[in-house]
Amino acid sequence: MSKEVEITLLPGGEKVKVPQGALISEILGKSEAGKSWVAAKLDGKPVDLSVQVERDSSLEAIAKDSPEALDILRHSAAHIMAQAVKSIFPEALIAIGPSIENGFYYDFDVARPFTPEDLAKIEERMREIVSRKLAFSRRELSREEATALFAGLGEKYKVELLEGFSDPSFSIHQQGDFIDLCRGPHIPQTGFLKAFKLTSAAGAYWRGDERNPMLQRIYGTAFFDVDSLKKYLAFLEEAKRRDHRRLGKDLDLFSFSDEIGAGMVVYHPKGALIRHILENFEKREHLLRGYQIVVGPTLLKTDLWKKSGHFEHYRENMYFTEIDEQSYGVKPMNCLSHMLIYKSRIRSYRDLPIRYFELGTVHRHEKSGVLHGLLRVRQFTQDDAHILCTPDQLNDEIKSIIDFVSEVMGIFGFEFEVEISTRPQNSIGSDADWERATAALTQALEEKGLPYFICEGEGAFYGPKIDIKLKDALDRRWQCATIQCDFTLPERFDLSYVGADGARHRPVMVHRVILGALERFLGVLIEHYAGAFPVWLAPVQAMIVTVTDSQLDFARAVCAELRGRGVRAEVDSRSEKLGFKIREAQMQKVPYMLVIGDKEVQGGGVAPRKRDGTQLGLMTSLQFADLVDRECLESSKGRVGLNIV
RNA sequence: GCCGGCGUAGCUCAGGGGUAGAGCAGCUGAUUCGUAAUCAGCAGGCCGCGGGUUCAAAUCCCAUCGCCGGCUCCA
């Protein structure tokens with residue numbers, strides 16, 4: 001006799017009685033005719049529509065437009081891709097195939113890596129599978145059955161995965177002849193996959209561990225409709241258009257040279273000028289906040305790096321050299337000399353907090369494969385500071401750094417997310433210190449009301465950290481600012497201050513950067529602004545273009561006058577038509593073009609044209625300089641006018 | 001560091017064993033023009049670097065440096 005169970009349909013809350021064992025698809029089918037669900041949530045857990053209900057439960061349909069739906073589609077697309085791969089390369093072994101932020105991937109163990117032609121073939125086979133509208137069916141198997149099944153198929157990675165799980169039983173999904181170990185849920189049948197594209201193939205270590213064999217990963221993306229796919233591909237094009245490596249070349253900002261070496265940035269005049277503006281801006285912001293500017297050397301004796309723990313824990317990333325039979329290390333961080341400055345005399349509690357700031361250039365031996373334009377280099381300059389304070393002051397210091405970061409990021413128009421990284425494997429210091437430090441960081445974020453994620457084991461070797469991920473104009477994340485709490489180095493260097501009680505106490509140290517590495521920050525800025533810098537940062541603020549050569553003398557006089565006022569102006573004196581010169585300045589993303597023809601010479605002024613095409617009409621060069629000054633202040637939130645350079 | 005792809009003129013790229021090519025940029029000349037490309041001519045190359053195979057290598061092979069896409073790692 002069939003028993004009835006009571007199903008509460010969410011979000012409405014309507015209750016229906018159905019026979020025990022009824023399919024979710026049947027139940028939902030009754031609730032809203034004509035709509036095809038992707039999957040459902042049974043008591044809050046995502047499940048296939050083919051699941052049977054066994055007891056009183058809540059049930060909520062997952063429609064195409066719900067947040068979970070795209071994940072389910074992409075995960076299913078990964079299965080369909082794996083099916084296609086197995087049908088073309090029967091000897092391929094399958095590993096894992098999750099959905100990821102912008103799509104999905106699947107890892108395979110194959111005799112030879114995939115070529116672009118392979119991807120085209122696989123995509124073609126996927127289309128066939130989609131057109132066959134194969135149902136995704138689901139089975140529960142015991143551990144033994146599942147192991148036997150995958151061992152029988154020779155799928156050793158699946159067997160290894162099974163060994164790693166503690167569940168007593170496992171769900172198996174199958175569409176057509178393709179069987180996979182998978183929690184699900186999936187789309188009901190392959191025909192749901194309307195818009196997809198395989199984007200690339202690359203090597204990837206099994207389980208992400210470089211000691212494991214390398215598998216071949218295929219990346220793809222999928223959407224419910226072709227328009228969304230097109231929009232995503234357009235987004236990729238836009239990202240390509242903004243690529244700072246491309247813009248760095250086009251705008252003549254910087255270069256790399258294989259003769260110089262990998263990961264070493266060469267700043268051309270315009271790039272160097274932007275950097276100069278950023279540096280001046282930073283120095284001022286730090287001085288205003290009670291930081292003291294210091295400068296330390298690049299080479300420090302290896303013995304000192306041993307004392308700090310860098311030699312033991314960071315040696316792989318360091319460069320060493322020998323001078324007069326003494327070993328020296330090139331600094332990968334700026335903290336050591338700052339600590340020695342602190343130690344150079346006796347400190348009183350009245351002196352604290354002490355905030356040392358350095359635009360410190362460091363070298364790190366990054367693995368060759370990770371170098372990436374300005375975003376990952378081997379020599380970079382940090383806007384680094386070390387704050388030494390009493391334990392009581394720690395909380396306020398961290399909070400004021402958070403305010404600092406947030407003010408500065410506001411100026412550039414970045415929003416950000418926050419992460420706390422805890423103690424890693426390879427680290428120094430006592431558990432108690434790590435707990436204190438982590439608690440200090442957490443508490444400061446709580447008090448600031450900032451939400452944060454926790455990244456277990458991702459901290460620096462000397463302490464936990466708050467990492468700040470910028471979100472740029474295309475909503476991509478970049479790590480720049482970081483705040484790191486350190487009880488260990490003050491200990492190792494025996495730093496102390498004399499307290500109100502006349503006794504010596506240990507200060508706490510905070511390492512922090514705001515922009516992070518100037519190189520990386522510049523790279524992020526270029527992409528964020530698509531090369532069109534706000535006026536306060538633009539290396540050339542005004543390009544003077546004449547209608548004919550006969551206005552050149554006047555143009556040069558205007559240029560000199562503007563430069564005298566601090567405007568970064570240049571004259572395009574080539575014997576070209578106005579339209580040509582405008583086009584060039586436009587492509588160089590210069591904020592203002594100052595048009596000078598006979599009319600302007602007559603009127604003793606210039607006719608500015610903005611980068612967006614609007615024309616401002618005749619004005620004197622002094623009026624224009626004032627306009628630029630105002631716009632600098634406006635775009636830098638009052639921080640920087642024409643006097644920055 | 002690992003897997004794969006790629007290095008040809010300043011830039012973007014063709015050429016895939018038999019005399020190094022195009023467009024743009026550059027230079028010269030003409031043109032003097034009003035808001036995104038004036039015309040013509042000229043010049044430009046150790047085909048990343050080093051080995052090898054071959055009568056002959058930009059082209060095929062090996063090694064190396066660099067770049068690109070990932071993995072791992074990170075400011």
Side-chain angles (χ1 to χ4, degrees), chain A residues 105 107 110 112-116 118 199-219 243 245-246 249-250 252 255-264 316-317 332-334 360 362 364-384 421 424 458 460 465 467-468 470 478-482 484 511-521 523-524 545-552 574-588 593-600 607-611 613-615:
Chain A
Y105 68 81
D107 285 346
V110 279
R112 107 183 134 67
F114 297 107
T115 63
D118 292 335
T199 47
S200 63
Y205 299 109
W206 167 233
R207 298 193 146 174
D209 190 325
E210 60 186 334
R211 289 164 301 193
N212 284 340
M214 184 157 272
L215 306 175
Q216 294 304 319
R217 174 172 300 178
I218 302 179
Y219 284 94
D243 191 312
R245 294 165 298 185
R246 155 109 259 122
K249 224 176 253 178
D250 289 350
D252 197 16
S255 64
F256 292 91
S257 150
D258 50 357
E259 289 175 292
I260 286 172
M264 307 292 182
E316 307 306 309
N317 290 291
M333 298 181 194
N334 300 300
V362 298
R364 296 186 186 171
H365 180 219
E366 301 293 343
K367 290 177 178 178
S368 61
V370 306
L371 300 175
H372 182 94
L374 293 179
L375 302 180
R376 196 74 184 275
V377 293
R378 284 185 173 151
Q379 177 189 310
F380 55 99
T381 300
Q382 297 177 300
D383 59 337
D384 205 0
S421 296
E458 301 287 314
K465 56 180 184 170
D467 281 332
I468 291 165
L470 304 189
W478 306 97
Q479 187 185 331
C480 292
T482 174
Q484 311 181 344
H511 311 240
R512 48 102 287 188
V513 291
I514 306 291
L515 306 185
L518 294 184
E519 283 72 10
R520 175 177 290 182
F521 193 76
V524 172
V545 291
T546 56
V547 176
T548 73
D549 290 350
S550 62
Q551 297 98 19
L552 273 178
R574 290 174 302 178
S575 170
E576 296 285 354
K577 285 165 58 168
L578 181 64
F580 179 88
K581 290 188 275 195
I582 297 259
R583 178 168 193 271
E584 296 266 303
Q586 190 79 40
M587 290 195 308
Q588 287 295 306
M593 283 144 260
L594 303 183
V595 175
I596 298 181
D598 285 338
K599 269 189 288 181
E600 285 71 26
R609 173 198 204 271
K610 289 172 77 162
R611 175 157 69 177
T614 53
Q615 292 176 42

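In what follows, every chain begins at residue 1, and chains take the letters A, B, ... in the order their sequences are listed.
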Testing B:rG34, B:rA75, B:rC68 for proximity to the side chain of A:Ala517, the answer is B:rA75
Just checking, is any N or O donor in the side chain of A:Gln551 or A:Asp598 under 3.5 Å from an acceptor N or O on the other one?
yes
Between B:rU32 (P) and A:Lys577 (NZ): distance, integer Å
12 Å
Is any N or O donor-acceptor pair between the side chain of A:Arg520 and the base of B:rC74 shorter than 3.5 Å?
yes
Under 4.0 Å between a side-chain N or O of A:Arg574 and OP1 or OP2 of B:rG26?
yes
Of A:Glu584 and A:Gln615, the one whose nearest nucleotide on RNA chain B sits closer to the 5' end is A:Glu584
Could you tell me the separation between the CD atom of A:Glu259 and the P atom of B:rC67, rounded to a whole number of Å?
13 Å
What nucleotide among B:rU35, B:rC2, B:rU32 has an atom nearest to a side-chain atom of A:Tyr205?
B:rC2
Determine, answering yes or no, if A:Phe380 is stacked on B:rA75 under the 5.5 Å centre rule and the 30° plane rule.
yes
Within the modelled atom types, does a donor on one side and an acceptor on the other bring the side chain of A:Ser575 and the base of B:rU32 under 3.5 Å apart?
yes
Mind checking the P distance from B:rC68 to B:rU8? Whole angstroms is fine.
14 Å
To the nearest Å, how far apart are A:Asp252 CG and B:rC11 C1'?
12 Å
On a whole-Å scale, what distance lies between the C1' atoms belonging to B:rG44 and B:rA20?
13 Å
Which part of the nucleic acid, if any, lies within reach of A:Lys599 when heavy atoms closer than 4.0 Å are counted: base, sugar-phosphate only, or nothing?
base
Integer-rounded Å distance: B:rU35 C1' and A:Glu600 CD:
11 Å
Integer angstrom distance from the C1' of B:rA25 to that of B:rU19:
27 Å
A:Arg376 has its side chain closest, among B:rG34, B:rA75, B:rA36, to B:rA75
State, with a plain yes or no, whether a side-chain heavy atom of A:Arg520 is found less than 4.5 Å away from one of A:Val377.
no
Now, which nucleotide makes the Watson-Crick or G-U wobble pair with B:rA9, with each of the two distances under 3.5 Å?
none
For B:rG21, glycosidic torsion class - syn if within 90° of 0, otherwise anti:
anti
Please confirm whether the shortest side-chain N or O distance from A:Tyr105 to OP1 or OP2 of B:rG69 is below 4.0 Å.
no
Using the side-chain heavy atoms of A:Ala607, tell me which of these nucleotides is nearest: B:rG34, B:rU32, B:rC3.
B:rG34
Checking salt bridge (Lys or Arg N to Asp or Glu O under 4.0 Å) for the pair A:Arg583/A:Glu576: CA distance, chi angles, key distance, verdict?
CA-CA 11 Å; A:Arg583 178 168 193 271; A:Glu576 296 285 354; over 6 Å; no
